[in-house]
Amino acid sequence: MKGKSNIIIWGLVLAAAVYCGIYWYLNRESMEEFRETTVLVEEDSHSVAEEVEEAESALDQEGFLDIYAEVSSEGDVDVKKIKLFVTGRNACFFLPSYCVTDSVVLRYDEQQFLLSMDAQVLPSGTVFHADRGDSHTLMIAKEDGTEKSYEFGVMQSENLSSIFITTANHSLDYIHDVKGNYEPGHLVCVDASGNTDCDAALEKVKLHGFTSLSVPKKTYQVDFSQAQDLLGMGSALRWIFQANAYDKSYMRNKLAYDLFQGMTSGYAVECVYADVYFNEEYAGNYLICEKVEAGVNRIELTDNPSEYTADRTKGQVIEEDDMRYVDVQDEDISGGYLIETQSLLVSSDLLRMSEEDCLFVSDSGRYEIRWPKEISKQQIVYLRRCMQQIETQIAQCDTEEAYRELSELIDVDSFAVMYLMDMITNDVDANAYSTFYYKLPVAQGGKLYAGPVWDYDRGFGNEERNVQVNVNGYHNGLCEALYQNAFFRERVRELYHEVFLPLSENILHTFFEDASALLAASVRMDAARWQNNLDRLNYSYDSFEDEIAYLRYYYQERAEIAGEQVNETGTYHMVTFMAPDGGSKSCFIKDGELLTSSIVSLMSSALGCNTWTHENGNVYQLGRPVWGDMTLYGSMEVLE
């Protein structure tokens with residue numbers, strides 16, 4: 001009976017399945033229409049919700065809206081358009097210093113927006129008086145019914161020239177996508193009076209730098225189609241727009257460049273501050289700098305100016321014996337050369353150079369060839385041999401005769417100035433990156449010069465490695481090695497008193513105060529534009545004024561240490577930490593004070609050593625006062 005019941009049940013199940021199958025087949029089209037309709041309804045509902053959300057989100061995002069201020073001047077410059085910047089519930093126009101504020105014209109597409117200010121409708125074309133510091137309620141109503149109110153105001157720069165750059169695609173997206181991408185464009189520079197300083201075509205606008213590219217406010221290189229005199233610095237093709245994004249004082253690079261220029265008789269970078277706008281969007285306060293390069297009004301390394309811009313046919317790049325050169329036949333080794341240190345302290349440093357950059361490695365470091373762009377094997381072998389000879393003679397320079405022989409190979413004063421620059425700025429990249437040397441052609445004496453200096457936004461205590469004012473954040477280089485020679489120390493001492501002290505007195509009395517007054521309004525705009533940039537270094541203060549006070553303090557402290565060092569007064573003693581690979585770093589300890597465990601730990605981390613011993617092999621013990629100069633030798637050995 002039970003088996004018969006099971007057969008009946010399974011029969012009913014099979015019949016129901018057959019019925020459902022036949023029903024689906026006969027009604028499949030209407031069922032599919034129902035399903036599609038349901039999906040469409042769901043998609044439409046989701047689409048509407050998304051559109052509303054996206055519309056509201058678009059108004060909430062930080063960025064620029066297609067709402068413009070047309071600004072005019074009392075000078076000869078044409079009317080310029082500047083986009084409205086919005087962030088959160090705030091909106092602002094960043095106006096150039098030359099702008100006549102009572103004739104600003106509001107422009108926008110009335111098919112897209114309807115604007116009102118303080119409940120009063122503002123049609124496109126309205127002239128409004130832009131008072132700095134005033135706050136208004138700006139309402140933006142869109143066609144779809146979305147509206148949002150902002151606290152609206154204007155900010156205006158003072159004193160500075162303004163640079164307006166338009167790129168071919170009216171966007172920086174492609175340029176920002178990959179370093180090396182570039183676009184042509186056009187540049188107009190307007191001085192603070194509203195008169196045109198420069199108006200010319202650009203061949204290239206591209207990113208510049210390495211570490212600086214990790215922050216939102218980028219550094220750029222612009223190349224003119226023909227050489228232009230920009231901001232009174234002389235005619236040249238290429239210029240660097242330094243963002244100073246790591247430096248809340250905005251002054252470290254300027255201070256370093258001015259300091260070096262005041263001490264050297266060789267080439268030094270000139271620079272001028274400006275407000276920069278890209279494609280009608282305010283980009284911030286920038287330091288417009290000459291590019292460190294061989295060229296007219298730059299480092300002049302040839303008597304034939306056409307050599308700087310000559311088209312060359314690239315040969316095959318060959319790498320061998322710690323050299324990289326181009327397979328071209330050029331046996332003339334007598335010309336000028338420009339080289340830059342590019343060390344490999346960490347693995348990511350390999351990304352600093354392209355696979356086609358020519359280079360050589362010597363005992364003092366890894367050097368990239370900046371000029372000539374194409375260097376033959378004969379030339380690079382000669383250049384490396386010259387550098388190795390100089391390194392050897394510096395290491396063996398213990399007599400007056402050896403010092404005189406060395407002075408036939410190098411410009412001693414430029415090395416003395418660079419030693420003082422390392423001491424005062426305490427820049428963590430010194431002797432590792434962005435440290436330049438140039439060798440004059442044999443016809444001009446053929447000497448090697450130290451400099452020019454470049455890239456100091458992480459100097460003057462703006463980094464974890466140099467925040468302790470008595471600890472050198474940089475690795476010792478050629479200048480520090482030469483300082484062991486008594487005759488070189490005497491020349492450094494002379495330059496310190498004859499050149500540095502008068503210059504420093506002027507810097508302390510005028511530079512910080514003048515630069516602060518010059519930049520204050522522009523810095524406020526830059527800070528508002530980049531307020532969400534959290535990538536500044538850890539030791540920045542909250543305010544521009546506090547950061548300047550710290551920079552001044554740090555400068556004075558390092559100048560005092562340098563004075564004690566070069567005058568050999570004994571107030572400070574140098575403690576040098578030597579690594580097995582030859583690398584070294586130094587610090588300065590006041591007479592009778594302790595070498596702290598934090599300094600030893602910092603040096604151990606920087607140089608990769610676990611144990612420090614005296615020259616006789618005895619292990620250095622903490623807790624003993626320092627009574628004189630001292631050298632400690634490191635090893636990886638762990639003592640129990």
Side-chain angles (χ1 to χ4, degrees), residues 44-73 78-96 99-157 162 164-173 176 188 216 275-284 524-526 528-532:
D44 285 344
S45 300
H46 185 253
S47 177
V48 169
E50 280 188 339
E51 285 180 3
V52 172
E53 183 178 349
E54 288 173 1
E56 292 177 348
S57 176
L59 293 176
D60 281 329
Q61 290 175 358
E62 177 180 88
F64 293 87
L65 297 181
D66 290 331
I67 301 170
Y68 301 86
E70 286 186 347
V71 299
S72 57
S73 75
D78 293 334
V79 171
K80 296 294 180 187
K81 293 171 65 177
I82 296 168
K83 282 187 177 182
L84 180 72
F85 179 74
V86 298
T87 176
R89 294 288 177 176
N90 296 299
C92 184
F93 281 126
F94 298 115
L95 304 181
C99 172
V100 179
T101 56
D102 60 1
S103 61
V104 176
V105 179
L106 189 66
R107 295 288 185 190
Y108 63 94
D109 183 355
E110 294 181 359
Q111 301 299 315
Q112 299 294 324
F113 303 104
L114 181 62
L115 300 187
S116 60
M117 185 182 298
D118 299 332
Q120 180 180 353
V121 175
L122 297 179
S124 181
T126 300
V127 177
F128 71 96
H129 186 74
D131 284 327
R132 288 175 290 178
D134 285 356
S135 180
H136 304 272
T137 299
L138 181 70
M139 179 70 73
I140 302 177
K142 299 182 72 175
E143 273 193 340
D144 61 8
T146 304
E147 61 181 30
K148 183 174 179 181
S149 64
Y150 295 90
E151 184 177 338
F152 168 76
V154 299
M155 301 182 74
Q156 185 176 14
S157 184
S162 303
F164 298 87
I165 294 177
T166 304
T167 59
N169 288 324
H170 297 275
S171 168
L172 292 176
D173 290 347
H176 286 175
V188 176
D275 293 297
V276 176
Y277 297 80
F278 279 104
N279 301 309
E280 302 167 339
E281 298 178 358
Y282 178 64
R524 285 193 291 271
M525 294 206 316
D526 186 281
R529 168 65 182 89
W530 297 105
Q531 61 187 306
N532 291 333

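Residues take their numbers from the sequence shown, with the count starting at 1.
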Please evaluate residues Lys148 and Arg89 with respect to the criterion side-chain contact (heavy atoms from CB on, under 4.5 Å), reporting the C-alpha separation (whole Å), side-chain torsions for both, the decisive distance (0.1 Å), and the verdict. CA-CA 9 Å; Lys148 183 174 179 181; Arg89 294 288 177 176; 3.0 Å; yes
Does the pair Val86 and Tyr150 meet the rule for a side-chain contact (heavy atoms from CB on, under 4.5 Å), with working shown? CA-CA 8 Å; Val86 298; Tyr150 295 90; 4.0 Å; yes
Check whether any side-chain heavy atom of [X] sits under 4.5 Å from a side-chain heavy atom of [Y], and report yes or no.
X	Y	answer
Lys80	Val188	yes
Thr167	Leu172	yes
Ser72	Val105	no
Asp66	Tyr108	no
Leu84	Leu138	yes
Ile140	Leu65	yes
Leu115	Ile67	yes

Which value, rounded to the nearest 0.5 Å, describes the distance between [X] atom [atom1] and [Y] atom [atom2]?
X	Y	atom1	atom2	value
Phe94	Gln156	CZ	CD	13.0 Å
Glu280	Thr166	CD	OG1	6.5 Å
Arg529	Thr87	CZ	OG1	9.5 Å

I want to know whether Phe85 and Tyr282 have ring centres closer than 6.0 Å.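 Distance test on ring centres: not under 6.0 Å, no.
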Testing the basics here: between [X] and [Y], what is the closest heavy-atom pair and its distance to 0.1 Å?
X	Y	answer
Ser149	Thr137	CB-CG2, 4.2 Å
Ala69	Phe93	N-CE2, 3.5 Å
Thr101	Val104	O-CG2, 3.7 Å
Ser157	Asp275	OG-OD2, 2.6 Å
Cys92	Met155	SG-CG, 3.5 Å
Pro123	Thr126	O-OG1, 2.6 Å

Donor-acceptor contact present, side-chain [X] to main-chain [Y], <3.5 Å:
X	Y	value
Glu147	Lys142	no
Glu110	Ser124	yes
Asn169	Ser171	no

Centre of Phe64's six-membered ring, under 6.0 Å away, within 45 degrees of the axis: is that where NZ or CZ of Lys83 sits?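 Judged by the rule, Lys83 and Phe64 form no cation-pi pair.
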Set of residues satisfying side-chain hydrogen bond (donor to acceptor under 3.5 Å, both in side chains) with respect to Asn90, sequence neighbours excluded: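 Once residues adjacent in sequence are excluded, Asn90 has no partner under the side-chain hydrogen bond (donor to acceptor under 3.5 Å, both in side chains) criterion.
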If the plane angle is over 60° it's perpendicular, under 30° parallel, otherwise tilted; pick one for Phe164 and Tyr277.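 Aromatic pair Phe164/Tyr277 classed parallel.
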Between His136 and Phe152, how do the two ring planes meet: parallel, tilted or perpendicular, split at 30° and 60°?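 Tilted.
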Please say whether more than 12 non-hydrogen atoms of neighbouring residues, nucleotides or ligands are located less than 6.0 Å from CD in Glu151.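 No - once you tally the heavy atoms of other residues, nucleotides and ligands closer than 6.0 Å, there are 12 at most.
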Identify, with sequence neighbours excluded, every residue that meets salt bridge (charged side-chain N to carboxylate O under 4.0 Å, His left out) alongside Glu70.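 For Glu70, the residues satisfying salt bridge (charged side-chain N to carboxylate O under 4.0 Å, His left out) (neighbours in sequence not counted) are Arg107.
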ring-ring contact (aromatic ring centres under 6.0 Å, His included) involving Phe278 - partner list, sequence neighbours excluded: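 Phe278 satisfies ring-ring contact (aromatic ring centres under 6.0 Å, His included) with Tyr220 only.
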